[in-house]
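Below, read A as the first sequence line, B as the second, and so on, with proteins coming before strands; counting in each chain starts at 1.
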2 protein chains.
Amino acid sequence: MNTDNTKSQMRKGMLEYCIMLLLRHQPCYANDIIQRLHEAEMIVMEGTLYPLLSRLKRDGLLGYEWRESTQGPPRKYYVLTDDGQEALRQLDASWEEILRTVNILKLEK
Amino acid sequence: MNTDNTKSQMRKGMLEYCIMLLLRHQPCYANDIIQRLHEAEMIVMEGTLYPLLSRLKRDGLLGYEWRESTQGPPRKYYVLTDDGQEALRQLDASWEEILRTVNILKLEK
DNA sequence: TATGAATACCTTGTATCGCAAGGTACTTTA
DNA sequence: TAAAGTACCTTGCGATACAAGGTATTCATA
């Protein structure tokens, strides 16, 4: 069995939730997100993150602003929009539902 | 935003885990699984379940045996193999990891 | 006996997503 | 001025959930 693949599949969709949780309180640019997720024990690849951010932007859940860096090129800082806040609430509900399901199944028999 | 799609995405991979949890203690056939998952507040489509069961069988994580039904055609009862038990332990670990990540992110700031 | 409904299994086609690999552009440093 | 570092993005691939549609067996009933 390919455990890595299963873990990868398990995280599908979860990533979106985790990133929006991250952006709840402060704007971040890509490397911030990668690092903070890493600290939370979740590995994200650039090739995963950038398309995801673009999609959330396109869907109106995220906005961004350019900020100069003290070192290197400018950075895109993403923020949650109002629609994003609302979507996050729905994701919270979905997460609770999954949590409930797994707990029910784990406790059975 | 398409909430249904997000929920669907969130469940990718989770389904595999949930089904193996279900089969831990007793053999089930497809409709059993659909019904028991429904009771645990998770909806699964036939078109999702059958290919998934076939794949887990092909990977050696599940086995099955035919059993007569008192009513209707015979049923394929799936069971966890030893490899399946081992894989389930790894999935438990992956699940704990995701749980930890989400909790960390939810508690931040 | 024949036929229709119910049950159970499976396949195909589509959309979406994570990921590896590769690419572009700007900034700093040697 | 060239090389290294930083930041952003795209392409191609494999995997998966789902809707829709299909096959086969059993049972009830006309």
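To the nearest angstrom, C1' of dA8(C) lies 13 Å from CG of L53(B). To the nearest angstrom, P of dT12(C) lies 18 Å from CG of L52(B). Counting to the nearest Å, the P atom of dA7(D) and the OH atom of Y50(A) are 8 Å from each other. Between Q9(A) atom CD and dG14(D) atom P the separation is 14 Å, expressed in whole Å. The OH-P distance, from Y64(B) to dA8(C), rounds to 17 Å in whole Å. Summarising the geometry, the separation between CG on L56(B) and P on dC9(C) is reported as 15 Å, rounded to the nearest angstrom. As rounded to whole Å, 17 Å separates atom C1' of dA7(D) from atom CD of E65(A). Atom CD1 of I43(B) is separated from atom P of dA19(D) by 11 Å (rounded to the nearest Å).
Taking the side chain as every heavy atom from C-beta outward, L22(B) and D32(B) never approach each other to under 4.5 Å.
The aromatic rings of Y78(A) and Y64(A) lie perpendicular to each other, with more than 60° between the two planes, well past the 30° mark.
In the set dT16(D), dA7(D), dC27(D), dC27(D) carries the atom at the smallest distance from any side-chain atom of Q71(B). The side chain of P73(B) sits closest to dT26(D) out of dT26(D), dT16(D), dC8(D). Side-chain proximity of K12(A) to the nucleotides dC27(D), dT16(C), dG18(C) is greatest for dG18(C). Of the candidates dC18(D), dA7(D), dC17(C), the closest approach to any side-chain atom of N31(A) belongs to dA7(D). Among the nucleotides dC19(C), dA8(C), dT28(C), the one closest to any side-chain atom of M45(A) is dC19(C).
For R75(A) and dC26(C), the shortest distance from a side-chain N or O to OP1 or OP2 is not below 4.0 Å. Within the 4.0 Å cut-off from OP1 or OP2 of dA7(D), at least one side-chain nitrogen or oxygen of Y29(A) is found.
Heavy-atom nearest nucleotides on DNA chain C were determined for E68(A) and for T48(A), and the one closer to the 5' end corresponds to T48(A). Checking S69(A) against E46(B), the closest nucleotide of DNA chain C that is more toward the 5' end is the one next to E46(B). Along DNA chain D, the nucleotide nearest to R11(B) and the one nearest to A30(A) differ in position, and the one closer to the 5' end is contacted by A30(A).
When heavy atoms are screened at a 4.0 angstrom cut-off, L15(A) is found touching the sugar-phosphate backbone but no base atom.
Using a cut-off of 4.0 Å between Lys/Arg side-chain N and Asp/Glu carboxylate O, E86(B) and R89(B) are scored as salt-bridged.
Aromatic pair Y29(A)/Y77(A): centroids less than 6.0 angstrom apart.
Annotation for Q26(A): atom CD counts as buried by contact number, over 12 foreign heavy atoms lying within 6.0 Å.
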